[in-house]
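Read the structure below first, then the notes.
The figures here come from the full heavy-atom set of this structure, side chains too, leaving out hydrogens, waters and symmetry mates. We count ligands from 1, going down the list as the structure has it; atoms in each ligand are counted the same way. Here the structure is a predicted model, which is why all the values come from computation and not from measurement.
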Amino acid sequence: MAVRKADIWGEGEKAVSHQEFVIQIDFRDRPGLGYDIFELFEKNNIDKISMEAVPEKGMMIKFRSLPGCVNKLFDELKKVDGVLGIRFREHMPYEEREHELRTILNSVSEGIVAINREGKITHINEVACRILHSSVDRATGQDVEELFRAEPPLLTTLKSGKSHSLKECKINTGNKIIRFLTSDRPVLNDRGQIIGAVSTIKDYRQVEEILSRVERSRAITFDSIIHHSPAMKKLVETAKIVARGSSTILLRGESGTGKELFARAIHHESSRASGPFIAVNCAALPDTLLESELFGYEEGAFTGANRGGKKGLFENARRGTLFLDEIGEISPQMQVRLLRVLQEGTIRRVGGAKEIPVDVRILAATHRDLEEMIERGEFREDLYYRLNVIPLKIPPLRERKEDIPIIAQHLLRNIAVKHGKKGIHLTRESLELLMSLPWPGNVRQLENMLERIVNVTDVTEVNPDLLYEWEDLCRSKFNGSLDNKYFSLHIPVNGEWPPLKDIVAQVEKQVLEKVLKTCKSSRQAGRVLGVSNTTILNKMKKYGLEQ
Ligand SMILES: Nc1ncnc2c1ncn2[C@@H]1O[C@H](COP(=O)(O)OP(=O)(O)OP(=O)(O)O)[C@@H](O)[C@H]1O
């Protein structure tokens with residue numbers, strides 16, 4: 001909104017056209033307050049555009065008016081019983097949320113398209129627009145079939161509720177063919193009904209990038225692995241020793257713990273450091289594409305094959321390291337092909353008959369429980385033993401909390417430099433809060449959260465309030481903690497259950513105790529638990545939790 005206060009009472013009065021304003025009314029609630037406020041808008045002939053009431057924040061109203069009339073409206077509003085103050089705002093809260101969502105959507109490298117129940121596009125990011133040759137304005141509200149110029153897998157997902165990953169799609173625009181991969185998921189409401197669907201889109205031109213990154217310039221060494229905990233010190237020491245050998249290493253650990261970082265550091269420390277390091281995300285591509293990229297192909301092996309054939313990554317990684325990430329995701333056929341390479345030390349290109357010797361060191365990684373997969377018959381035991389020559393298990397972040405402060409500070413510094421925002425730092429309270437969280441997404445989740453904060457705010461000091469503004473932080477906190485080992489129920493041994501309300505009260509008290517420990521104020525605890533400050537204060541009194 002371009003109008004400032006000075007324009008309303010000062011020189012701006014010359015402008016007589018209607019303008020849009022957003023105001024915030026702080027109030028003490030009472031029956032009929034909303035009615036009295038709206039009556040004043042009616043009486044002054046002012047058009048309300050939208051209205052939103054946020055508990056403890058106030059009532060936000062967007063309206064259209066002649067600037068001169070706003071003065072009078074303010075005077076009258078101030079006299080309404082219950083109105084505590086009025087001020088201008090730049091935007092409505094929903095506009096701020098929309099802006100925030102757009103920033104997040106545009107900060108990811110894949111295309112995103114979301115549709116509603118009717119198959120109309122509700123959200124689309126800039127990457128998707130670039131791939132699909134459209135624009136946010138044109139695509140928003142459009143039928144998804146119109147945008148994809150055919151029935152896309154996203155619409156099948158909307159109808160069936162079934163998700164699928166990495167489906168190949170083609171769009172014929174008349175003068176060119178656009179190729180991309182889509183992964184589609186349904187959006188469900190709390191009752192499990194389909195209310196929309198969302199698709200992530202990868203451009204085919206990006207595929208090479210996803211699949212293999214030959215990086216000689218960015219040297220990642222063991223110094224890049226920030227750590228402090230005894231467990232990580234021991235792991236890094238072991239990794240340095242095994243890096244110098246030539247055995248296959250299997251990196252285990254939850255997603256985001258740093259498996260790829262270790263793989264790169266191991267390559268750098270090895271005798272193959274001057275050769276290429278090629279990382280392949282085995283889960284990122286359909287089987288046929290993965291096969292032809294890894295093993296290469298001969299001319300005429302399939303339609304679309306390059307003339308003269310193409311070398312595969314096993315050949316390209318000669319004298320270097322091939323990092324097979326997400327190895328637990330490969331299909332049974334690929335498992336057989338990979339086993340052959342590891343046993344024979346040779347490959348055969350797709351459509352070829354010649355055995356080509358390979359000279360690569362294999363590093364593999366997975367977050368999956370391969371032993372359990374073997375038991376279920378999903379992963380070959382012989383391949384497992386070939387890969388698991390030297391296993392290195394990276395512990396999740398929640399098991400090495402001492403690492404959180406130095407990693408967080410290191411990441412924040414790097415992100416701040418990248419965004420040209422110097423001097424940004426985490427307060428001691430923030431570091432304590434970060435240490436108390438379970439981080440199911442490990443270092444990557446921590447990195448993403450800090451990146452979002454640096455992107456969206458301009459503050460130099462990151463305090464717990466700011467961290468709490470990021471909802472996923474609060475959610476992850478509970479995802480990780482609300483299991484039985486954190487809560488106890490006292491049920492009498494004779495088996496007689498206490499009344500339900502007493503059970504609820506026992507749990508409620510324990511939840512409050514835990515949340516209050518990590519929150520600076522009752523207001524913050526209220527925000528985390530989605531209740532008002534007053535509710536928290538009353539419950540603290542009820543359970544004797546006041547300090
Ligand atoms: N100890 C650490 N010090 C500094 N940065 C780290 C550390 N551990 C992880 N990171 C960073 O966290 C992010 C995720 O790490 P990485 O990609 O290596 O994890 P991963 O285990 O391979 O994840 P996935 O299983 O999802 O592929 C990267 O940006 C990486 O640089």
What is the nearest protein non-hydrogen atom to atom 23 (O) of ligand 1, stated with its residue, atom name and distance?
Gly256 N, 2.9 Å

Contacting atoms of ligand 1, where contact means under 4.0 angstrom from a heavy atom of Val443:
6 (C), 7 (C), 8 (N), 9 (C), 10 (N), 11 (C), 12 (O)

Step-by-step salt bridge (charged side-chain N to carboxylate O under 4.0 Å, His left out) determination, Arg349 to Glu315:
CA-CA 10 Å; Arg349 290 186 185 175; Glu315 287 176 74; 3.0 Å; yes

Using a strict cut-off of less than 4.0 Å between a Lys/Arg side-chain nitrogen and an Asp/Glu carboxylate oxygen, indicate whether Arg398 and Glu254 qualify as a salt bridge.
yes

For residues Asp403 and His227, is any side-chain donor paired with an opposing acceptor at under 3.5 Å?
no

Residue portion contacting ligand 1 (non-hydrogen atoms closer than 4.0 Å) for Ala365:
neither

Would you say Thr257 has any N or O atom under 3.5 Å from an N or O of ligand 1, going by distance alone?
yes

Those atoms of ligand 1 less than 4.0 Å from some heavy atom in Ser224
3 (N), 4 (C)

Can you report which non-hydrogen protein atom sits closest to atom 6 (C) of ligand 1, along with the distance?
Leu261 CD2, 3.4 Å

Backbone, side chain, both or neither: what part of Asp325 comes under 4.0 angstrom of ligand 1, heavy atoms only?
side chain

Any side-chain donor paired with an acceptor under 3.5 Å for His164 and Thr157?
yes

Which residue and non-hydrogen atom of the protein lie closest to atom 22 (O) of ligand 1, and at what distance in Å?
Glu260 N, 3.0 Å

Identify whether the distance between the nearest side-chain nitrogen and carboxylate oxygen of Arg340 and Glu355 falls below 4.0 Å.
yes

Considering only heavy atoms, does Glu447 approach ligand 1 within less than 4.0 Å through its side chain, its backbone, both, or neither?
side chain

Before we go on, tell me: are the rings of Tyr384 and Phe379 under 6.0 Å apart, centre to centre?
no

Output the list of atoms in ligand 1 that are nearer than 4.0 Å to some heavy atom of Ser255, sorted by atom number.
24 (P), 25 (O), 26 (O)

Cation-pi, Phe323 ring and Arg264 (6.0 angstrom, 45 degrees)
no

Check: of Met232, Lys259, His367, Arg252, min heavy-atom distance to atom 25 (O) of ligand 1 comes from Lys259

Using a 4.0 Å heavy-atom cut-off, say whether Ile407 meets ligand 1 through its side chain, its backbone, both or neither.
side chain

Quick one: do Glu260 and Arg444 make a salt bridge, cutoff under 4.0 Å?
no

Check each atom of ligand 1 against the heavy atoms of Gly258 and keep those under 4.0 Å away; list them by number with element.
8 (N), 9 (C), 15 (O), 16 (P), 18 (O), 19 (O), 20 (P), 21 (O)

What is the closest protein heavy atom to atom 14 (C) of ligand 1, and at what distance does it sit?
Arg444 NH2, 3.8 Å

Salt bridge flag under 4.0 Å for residues Glu432 and Arg428:
yes

Closer than 4.0 angstrom, basic N to acidic O: yes or no for Lys310 and Glu298?
no

among protein heavy atoms, the one nearest atom 1 (N) of ligand 1 is Ile226 O, 2.9 Å

